[in-house]
Amino acid sequence: MTIRVVVVDDQDMVRSGFAALLSAQSDIDVVGDAPNGRLGVEVSRSTHPDVVLMDVRMPEMDGLEATRLLLDPPRGVVHRPKVLMLTTFDIDDYVYEALHAGASGFLLKDAPVAQLVQAVRVIAAGEALLAPSVTRRVIEDVTRRRPVAHRTARLRLNGLTPRETEVLRLVARGLSNTEIAARLVVAEQTVKTHMTRLLAKLGARGRAQLVVLAYESGLVAPGAPD
């Protein structure tokens, strides 16, 4: 199955370069591009991509607002692509807000080509949070510096079973479904079932939001060992 991608970046060379690299892959089809978030939303709604590569800082409409519009669309719009944020910064409150809004992860613009391609494939599959070592660092850094209403976040976890809570904890640590299955000695399909229930019970749009909630609720403490 071909992965449909839209590239949104205000730098022409970056946008065309990413598009060329991705189009060279047999399983990826770049179906559109845009120089700002406003046009990125328009292109995405007309082309229905699986993944949107979204720059963080752009004129007219930034990547955060565009991500919010794509992942929380108005009534009548049913398509919600996966969003992969692109940034030159590895620690950024802005990126944290994008993850909070439902972006599936983020990637540094200077990442190797192979990592970009793999990131698109992983995001499209919905399997694992991108670049756990970096993404987790962003979440931990912001939760340390910006205390949140732990009680409110914690209340959302009250309806989880003990097994679902354990799966959420492992997701927050960056483990894939396969790794969680091995850790809990269960079938991978069982983990997928738990994931489906977690997303539904917590009203999350993806793994990234689950990770953010796990930290905000205090289920996982910043800096704690795996």
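No experiment lies behind these values; they were computed from the predicted model shown.
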Determine whether a donor-acceptor pair (N or O, by modelled atom type, separation under 3.5 Å) exists between the side chain of R205 and the backbone of G102. no
Are the side chain of S23 and the backbone of A20 linked by a donor-acceptor contact shorter than 3.5 Å?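 Such a contact is absent between S23 side chain and A20 backbone.
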Distance from [X] atom [atom1] to [Y] atom [atom2], nearest 0.5 Å?
| X | Y | atom1 | atom2 | value |
| --- | --- | --- | --- | --- |
| Q25 | T2 | CD | OG1 | 12.0 Å |
| M58 | E65 | CE | CD | 11.0 Å |
| L64 | R68 | CG | CZ | 4.0 Å |
| L53 | D9 | CG | CG | 9.0 Å |
| L107 | Q118 | CG | CD | 11.0 Å |
| D62 | N36 | CG | CG | 10.5 Å |

Within-4.5 Å side-chain heavy-atom neighbours: V51 and I28: no
State which residues pass salt bridge (charged side-chain N to carboxylate O under 4.0 Å, His left out) with D12; sequence neighbours excluded, sorted by chain then number.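 Here the qualifying residues are R15.
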For V171 and L175: C-alpha separation, side-chain torsions, deciding distance, then whether side chain to side chain contact (heavy atoms under 4.5 Å, CB included) applies. CA-CA 5 Å; V171 168; L175 274 66; over 6 Å; no
Passes salt bridge (charged side-chain N to carboxylate O under 4.0 Å, His left out), K109 versus D55? Steps please. CA-CA 9 Å; K109 285 187 177 181; D55 189 19; 3.2 Å; yes
Any salt bridge linking E179 with R183? Criterion: basic side-chain nitrogen under 4.0 Å from a carboxylate oxygen. no
Are E166 and R163 close enough for a salt bridge, meaning some N to O gap below 4.0 Å?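 Salt bridge absent between E166 and R163.
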Shortest non-hydrogen contact from [X] to [Y]?
| X | Y | result |
| --- | --- | --- |
| A208 | A103 | CB-O, 3.0 Å |
| L213 | R156 | CD1-NH1, 3.9 Å |
| H48 | R4 | O-NE, 3.5 Å |
| E188 | N177 | OE2-CB, 3.9 Å |

Should V7 and L39 be counted in the same cluster of Ile, Leu, Val, Met, Phe, Trp and Tyr side chains packed under 4.5 Å apart?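 No, V7 and L39 fall in different hydrophobic clusters.
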As a test of understanding, state which of V220, V211, L219 forms a side chain to side chain contact (heavy atoms under 4.5 Å, CB included) with L168.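 By the side chain to side chain contact (heavy atoms under 4.5 Å, CB included) criterion, L168 pairs with just one of V220, V211, L219: L219.
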For the side chain to side chain contact (heavy atoms under 4.5 Å, CB included) test, which of V5, I3, V6 pairs with V31?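 Answer after filtering V5, I3, V6: V6.
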E164: partners by side chain to side chain contact (heavy atoms under 4.5 Å, CB included), with sequence neighbours left out: L160, T161, H194, R197, L198, K201
Side-chain donor-acceptor contacts of residues 70-85 below 3.5 Å, not counting sequence neighbours, with atom names and distances?
from	atom 1	to	atom 2	distance (Å)
H79	NE2	P49	O	2.8
R80	NE	L71	O	3.2

Just do the side chain to side chain contact (heavy atoms under 4.5 Å, CB included) check on L69 and R45 with the steps written out, would you? CA-CA 10 Å; L69 289 173; R45 291 209 173 132; 4.1 Å; yes
Evaluation steps, side chain to side chain contact (heavy atoms under 4.5 Å, CB included), between L86 and F106: CA-CA 6 Å; L86 299 170; F106 77 95; over 6 Å; no
Derivation of the side chain to side chain contact (heavy atoms under 4.5 Å, CB included) call for V52 and V8: CA-CA 7 Å; V52 176; V8 184; 3.9 Å; yes
